[in-house]
Protein chains: 4
Amino acid sequence: MTERQLQIIHAALQLFAEDGVDATPTSKIAKTAGVSEGLIFRHFGSKDGLLKAILEYGGERVAAFYAKIANESQPKDILRQIIELPFSIDESEYDFWRLIYTLKWQRRTHLENITEQMLSLSSKAFNDLGYEAPELEAELLLIVLDGVATRALLTESYDMKTQVKNRLLKQYKLD
Amino acid sequence: MTERQLQIIHAALQLFAEDGVDATPTSKIAKTAGVSEGLIFRHFGSKDGLLKAILEYGGERVAAFYAKIANESQPKDILRQIIELPFSIDESEYDFWRLIYTLKWQRRTHLENITEQMLSLSSKAFNDLGYEAPELEAELLLIVLDGVATRALLTESYDMKTQVKNRLLKQYKLD
Amino acid sequence: MTERQLQIIHAALQLFAEDGVDATPTSKIAKTAGVSEGLIFRHFGSKDGLLKAILEYGGERVAAFYAKIANESQPKDILRQIIELPFSIDESEYDFWRLIYTLKWQRRTHLENITEQMLSLSSKAFNDLGYEAPELEAELLLIVLDGVATRALLTESYDMKTQVKNRLLKQYKLD
Amino acid sequence: MTERQLQIIHAALQLFAEDGVDATPTSKIAKTAGVSEGLIFRHFGSKDGLLKAILEYGGERVAAFYAKIANESQPKDILRQIIELPFSIDESEYDFWRLIYTLKWQRRTHLENITEQMLSLSSKAFNDLGYEAPELEAELLLIVLDGVATRALLTESYDMKTQVKNRLLKQYKLD
DNA sequence: GATGAATGAGCATTCATTCAT
DNA sequence: AATGAATGAATGCTCATTCAT
């Protein structure tokens, strides 16, 4: 990934997240990135190729996130880490996540396996902790965390983060 | 609202929800609705005018939803009704809600005041029921319900609905 | 010519003169005239048919103008009348003449024979008065009068009319 | 101004003059110029931008015309030059002038200040020559020259040019 | 006669993509 | 690698015209 390619990816990510993929012309990406329009196509083949590159680029970081969690052995630690997830998104990554969530509503994105992974991980943890219906609990936790992420990504300066997190940790007796 | 206008609205709603507003050409709407392309503009002025008409058309039903809840006097009934909300969406209305949720990520839509209304209603109910942090509880409930709706709208044949609902009713001691 | 037809003709004339024929939609004509759009086509067949009707409607008055002049027997009287022409246009007829002059630049209009008539009439008069080059004089007079009309039609509240007329009458020793 | 831009400008000028701006589709301009339709918009932004470019392009030559006259010191020379004006339009510039005169009847064009300049220049010249009513004379001269231009531009192979010019020079005792 | 809903061809404009340099 | 001129298909929209009532 060269310097020029990163410039393009960052510009596109920002614009895609802000205005939507369809509403962002490649000409605007080129201008924002400070490169010629042709270069986008030389490097990424097409606008869709660029989108895919962005998704992969961000996907790597998501994978890293998960590697950490899978390493934990204690079910309580696993749950704690999973709950931490949406609260630990750095603001520099908001654009990426906004894009992911936007795409969710239109085209299947690669996030599905992530959802599956998370469901199975937390389901197992709930089971280990003796919950009666671990799959249902896992489902509900997923729903809550997805909701949290949505609310945080869409609300400017969302300030209930910490309280929500503590309330969740308390609910699952992880504090 | 004439027959023809409804044809157009239904066709557009379906396509907008499926492919996104930007990715849906008016020509395709016309073909799907079985009318001439010009008619769209005669009736709705512009593509954006059509979108607004759809939002209003659906918005009326949302308002009706709320009218019911606001009438309840018992806090427990209010909460019960609010929780019922995402579970009672008829499949015939999925397109509308998918559109609403999609738009949320791109342009501010009129759903914000709905969010506010819901927060204040449930916050008051939680307060009446003696919850320690009623606003936090309301916030969390909103998040959960938003998450439920999202999951139901995006997952084909989502079959955990009932279990999730019961689990929630139980958590808030409403069963 | 029914009442309704006149309404349409007057509305169209005004709009055609103001914005140009091409830039005036039939819908605007209908609205201005206070009739339905369909009626225009029932009465005039097409937009072009309407234009032709306007031209004929106005053309009759032009023909009447000429009939008077042709009746004069004295060359001086003929010239005087011809010179009077552009100065005697009533403001209520400005729209019509503006339209005529506009059309001149795009499509041949029926005014050509008028020009020819005028040339031959004044040419004969100049000849009778012993001018050396009567055709040249006729040509020049035509040019001047056309210029006067243009200037008057395009200049709001053109106030040199009388002076210009007197100057012309004097030049041709008709005062 | 690149080669391609000139191709477009010439094609557009010809078509605008012939059929009128409104009646000339950009597709026809593109075809006539032998370029793609998109190129028109890349270079001129819009159809109106193209029209403005044409007007500026031609306007420079008009300005040059005037610079010459303003340099003359003798009133007789000034008048002679002004009278020369409409007779010295090269046939290659007919399209441009036809366009200018057409636009006069619909939208205010930049020719107004030219009219004003010409009026003040000739008015001063007439005054210097001791004419009784110099402003009236200037007005009349403008009218005549405008009429000459009109007649020449609208009449194919107008062959009285020289005679008219000589007649005018004689009338103002400039021969 | 009169209306106005409906049509569809045509228009200006945008934009992803190609390609010569 | 990099540019940016050039393309042309597709888009939202307009408008003269038709037709059922």
Side-chain angles (χ1 to χ4, degrees), chain A residues 2-5 8 21-31 33-51, chain B residues 2-5 7-8 21-31 33-50, chain C residues 2-5 8 21-31 33-51, chain D residues 2-5 7-8 21-31 33-50:
Chain A
T2 71
E3 180 62 35
R4 278 316 227 299
Q5 282 170 306
I8 294 171
V21 175
D22 287 323
T24 304
T26 51
S27 61
K28 199 174 176 187
I29 299 171
K31 205 193 291 176
V35 301
S36 73
E37 205 173 344
L39 198 56
I40 293 175
F41 293 88
R42 162 166 276 279
H43 281 313
F44 303 100
S46 68
K47 192 180 174 181
D48 202 61
L50 171 57
L51 177 57
Chain B
T2 71
E3 181 62 34
R4 278 318 227 295
Q5 281 170 308
Q7 279 175 54
I8 294 170
V21 175
D22 288 327
T24 304
T26 51
S27 61
K28 197 174 176 186
I29 299 172
K31 207 189 294 177
V35 301
S36 71
E37 201 174 346
L39 198 57
I40 293 175
F41 296 91
R42 163 172 263 277
H43 282 311
F44 303 100
S46 67
K47 191 180 172 182
D48 203 60
L50 171 57
Chain C
T2 71
E3 181 62 35
R4 280 316 228 300
Q5 283 170 308
I8 294 170
V21 175
D22 287 324
T24 303
T26 50
S27 62
K28 198 174 176 185
I29 298 171
K31 205 193 295 178
V35 301
S36 72
E37 204 172 346
L39 198 58
I40 293 174
F41 293 88
R42 163 165 275 280
H43 281 313
F44 302 100
S46 67
K47 190 179 174 183
D48 204 61
L50 171 57
L51 176 58
Chain D
T2 70
E3 181 62 33
R4 278 318 227 296
Q5 282 170 308
Q7 279 175 50
I8 294 171
V21 174
D22 287 326
T24 304
T26 51
S27 61
K28 197 173 176 186
I29 299 171
K31 207 188 294 176
V35 300
S36 71
E37 203 174 347
L39 197 59
I40 293 175
F41 296 90
R42 163 172 263 278
H43 282 313
F44 302 101
S46 67
K47 192 180 172 182
D48 203 62
L50 171 56

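Model, not experiment: these values are computed from the prediction. Letters go in sequence order (proteins before strands), and every chain restarts at 1.
When distances are taken from the side chain of Leu39(A) to each of dT17(F), dT18(E), dT3(F), the shortest belongs to dT3(F). When distances run from any side-chain atom of His43(D) to the nucleotides dA6(F), dT17(F), dC13(F), the shortest one goes to dA6(F). Listed nucleotides dT17(E), dA12(E), dA2(E) differ in distance to Phe41(A); the shortest reach to its side chain belongs to dT17(E). The nucleotide whose nearest atom lies closest to any side-chain atom of Glu37(C) is, among dC11(E), dT17(F), dC13(F), dT17(F).
Inter-residue side-chain proximity for Leu39(A) and Arg42(A) is flagged as met; some heavy-atom pair is nearer than 4.5 Å.
Taking for each of Val35(B) and Gly38(D) the nucleotide of DNA chain E with the nearest heavy atom, the 5'-most of the two is the partner of Val35(B).
When the side-chain nitrogen and oxygen atoms of Thr26(C) are compared with OP1 and OP2 of dA16(F), one or more of them lie within a distance under 4.0 Å. Note on Arg42(C): every side-chain N or O is 4.0 Å or more away from OP1 and OP2 of dA2(E). Distances shown here put every side-chain N or O of Ser36(A) at or beyond 4.0 Å from the OP1 or OP2 atom of dG4(F). A sub-4.0 Å separation between OP1 or OP2 of dA6(E) and a side-chain N or O of Arg4(B) is present.
Distance Lys28(C) NZ to dT17(F) C1': 20 Å, rounded to the nearest Å. One can place CZ of Phe44(B) at 15 Å from P of dG12(F), the figure rounded to the nearest angstrom. Spacing between atom CG of Asp22(D) and atom C1' of dG10(E) amounts to 14 Å, rounded to whole angstrom units.
Residue contacts for Thr2(A): at a heavy-atom cut-off of 4.0 Å it reaches no nucleic acid atom on any strand shown.
Terminal axes of the helix from dA2(E)-dT21(F) to dT21(E)-dA2(F) (five pairs each, C1' rotation axis) are separated by 10°, to the nearest 10°.
Donor-acceptor pairing under 3.5 Å is recorded for the side chains of Thr26(B) and Glu37(B).
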